[in-house]
2 protein chains.
Amino acid sequence: MIAPVQPLAPEPPRPSAIAAVGLLPRETLGDRVTAELRALLVAGRLAPGEKLSLRRVAEALGVSIMPVREAVSRLAADSALEVLPGRAVRVPVLTQAQFRELTRLRLVVEGFAAEEAARNATQEQIAAIAACEARFRDLASAEPPDAAGAVAANRDLHFALYEAAAMPTLVEMIERLWLKAGPILNLDMRDEPRRLKGGSAMQAHAALLDALRRRDPVQARDALQRDIAEAAAHIAAIGRLGPESEPGRSTDEARRPPHIGIETMGER
Amino acid sequence: MIAPVQPLAPEPPRPSAIAAVGLLPRETLGDRVTAELRALLVAGRLAPGEKLSLRRVAEALGVSIMPVREAVSRLAADSALEVLPGRAVRVPVLTQAQFRELTRLRLVVEGFAAEEAARNATQEQIAAIAACEARFRDLASAEPPDAAGAVAANRDLHFALYEAAAMPTLVEMIERLWLKAGPILNLDMRDEPRRLKGGSAMQAHAALLDALRRRDPVQARDALQRDIAEAAAHIAAIGRLGPESEPGRSTDEARRPPHIGIETMGER
DNA sequence: TGTCGTGATCTGTGATCACAGTTAGGTTGG
DNA sequence: CCAACCTAACTGTGATCACAGATCACGACA
């Protein structure tokens with residue numbers, strides 16, 4: 001790739017061009033590590049109960065522990081991770097009560113987002129959502145089902161919907177909820193890909209898309225809530241949730257979680 | 001206070017006593033700084049646009065900059081603070097659109113919390129809320145009105161209500177919203193205490209309390225939403241919000257915000 | 001054989017130092 | 001007198017070091 005070097009001063013013709021460009025991201029290392037950990041969490045690649053070590057994560061990502069500290073501190077503030085006093089930092093194990101609360105909040109908040117999306121979505125946004133829906137349908141009904149791909153497509157579908165609501169803070173709220181619910185929801189979907197073939201998710205998605213096209217907020221909300229409720233019912237039935245008592249002193253801790261994620265994620 | 005020294009071994013009768021004590025908080029320095037800054041933000045003692053310096057805050061609080069970094073990083077993750085690339089960290093100036101979105105989200109989320117509280121609140125919790133309501137009424141209708149006290153009583157009232165919903169994650173969500181809206185809402189209330197005497201807040205509070213006692217979720221939600229909407233309408237009318245364009249490069253920045261807060265908050 | 005003490009190792013937390021980038025103020029040249 | 005430069009002080013970011021506390025495995029005592 002020996003393309004001729006672009007001279008560094010092609011700016012003079014339009015003095016307003018430099019003022020129009022938004023201030024560039026200036027993404028810091030801590031931001032990158034945060035994004036990496038968030039992606040791992042929502043994708044279910046970090047299992048509930050899995051322990052992380054600042055130094056290990058730093059080594060795996062090729063950075064010092066400082067950016068990792070910042071990232072873990074942020075995620076712990078959202079209780080997407082929890083730092084045990086002297087021990088280590090681990091992915092929280094939700095109790096059944098916590099999972100129930102999370103599901104109820106998702107029904108309210110994401111349902112509201114679906115209503116707003118049905119009102120405000122542009123045709124392009126609806127088309128993008130439809131593309132995600134098709135991708136999810138293909139990956140989920142393949143043989144064997146592509147679990148990781150379906151999880152990603154499902155996430156893209158939902159957040160394309162939420163973005164269409166045109167309420168940035170609302171999207172952030174939902175991301176926080178997904179950070180907490182992601183480990184169980186998607187770890188399970190990854191472990192039991194055949195659930196994808198049940199078709200309930202696909203039916204809900206189709207109904208949602210239909211409601212979007214008809215600009216029917218109530219039906220869109222209902223379809224999305226059905227999607228959430230059915231996935232949650234499956235999780236609650238399968239188990240994997242923590243005991244009802246939260247503090248969980250020395251109760252169990254015995255169940256060794258599968259150790260996937262960090263050391264498999266390669267350099268940077 | 002020279003009470004006789006309690007001998008140090010009154011434990012043998014109940015060997016389970018040591019197991020019953022919950023794990024002690026182990027509050028870290030970063031947590032304390034975070035709590036301090038959060039309190040300043042929701043109380044409106046840090047004005048929108050006010051710039052903070054990690055080293056200044058650290059010096060004012062008598063700690064190193066490390067805990068302050070952690071606290072600022074957490075709050076910036078909630079966009080309760082924003083870190084300008086090379087400049088400094090400052091309290092965000094909400095645009096009108098952002099404030100409108102925040103208000104709509106508060107109507108949805110806090111309204112839902114009010115419904116749940118009306119269903120689940122115990123008599124003790126209702127009594128506590130009533131106490132806050134009385135305190136707010138007294139402080140707001142005093143001559144001159146005690147703005148700072150009324151702000152605190154208002155916060156206690158609202159969060160006593162939200163706690164009564166018995167949904168911890170919901171309370172966290174609401175706290176995040178208050179973190180963003182607090183600077184404008186309460187800075188204004190502090191600057192113009194006579195608004196308190198308008199009585200609209202007191203009427204909404206009274207209606208809310210009445211609905212709680214009658215266990216009427218819909219009326220409780222309506223009363224709370226009226227409270228939120230009226231305060232928001234006042235803010236939108238008074239101004240003080242940022243321009244409609246978010247990036248706001250070199251547009252203004254001229255308005256020097258009042259510099260209150262950090263240096264007045266004493267040691268530790 | 002079972003249980004408790006004990007030390008090596010690892011944990012997160014906090015402090016200090018180093019650095020690139022920006023800001024602000026003072027000075028110089030027009 | 002105004003504008004441009006230039007320097008000194010300050011910004012957040014990252015790295016490295018130091019430390020108290022917790023974990024875990026090994027070994028001694030009962």
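These numbers come from the heavy atoms of this one structure, side chains and all, not from hydrogens, waters or symmetry mates.
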| request: Looking at every strand, decide which applies to A:V89 at a 4.0 Å heavy-atom threshold: base, sugar-phosphate, or nothing. | output: sugar-phosphate
| field | Nearest-Å distance for atom pair CG/C1', residues B:L61 and C:dA15 | value | 16 Å
| Options C:dA24, C:dT13, D:dC24, nucleotide nearest the side-chain atoms of A:K51 | D:dC24
| request: Report the distance from atom CZ of A:R69 to atom P of C:dG14, rounded to the nearest whole Å. | output: 8 Å
| message | Nearest whole Å is fine: how far is C:dT22 C1' from B:R90 CZ? | response | 15 Å
| query | Expressed in angstrom and rounded to an integer, what is the separation of A:R55 atom CZ from D:dT23 atom P? | reply | 16 Å
| Whole-Å distance separating the CD1 atom of B:I65 from the C1' atom of C:dA18 | 12 Å
| query | When the ring planes of B:Y162 and B:H158 are compared, do they come out parallel, tilted or perpendicular, using 30° and 60° as the limits? | reply | tilted
| Nearest-nucleotide pick for B:A88, side chain only, options being D:dT13, D:dG14, D:dT11 | D:dT11
| message | Using OP1 and OP2 only, check whether a side-chain N or O of A:T28 sits under 4.0 Å from D:dG12. | response | no
| remark: Atom CG of B:L29 and atom C1' of D:dG21 are separated, to the nearest Å, by 16 Å
| task | Ignoring the backbone of A:P67, work out which of C:dT11, C:dG14, D:dA15 is nearest its side chain. | result | D:dA15
| query | On DNA chain D, nearest-nucleotide positions of B:S53 versus B:M66: which is more 5'? | reply | B:S53
| said: Does A:S64 reach a base, just sugar-phosphate, or nothing at all? Heavy atoms under 4.0 Å. | reply: base
| note | Rounded to whole Å, CD of B:E70 lies from P of D:dG12 at a distance of 16 Å
| task | Using a strict cut-off of less than 4.0 Å between a Lys/Arg side-chain nitrogen and an Asp/Glu carboxylate oxygen, indicate whether A:E172 and A:R176 qualify as a salt bridge. | result | yes
| Taking 4.0 angstrom as the limit, do A:D31 and A:R38 come out as a salt bridge? | no
| Is any side-chain N of the basic residue among A:E70 and B:R69 closer than 4.0 Å to the acidic one's carboxylate O? | no
| task | Dump the intermediate steps for side chain to side chain contact (heavy atoms under 4.5 Å, CB included) on B:V171 and B:E163, then the final yes or no. | result | CA-CA 7 Å; B:V171 176; B:E163 294 284 352; 3.7 Å; yes
| remark: Taken to the nearest whole Å, CG/B:L84 to C1'/D:dT13 is 15 Å
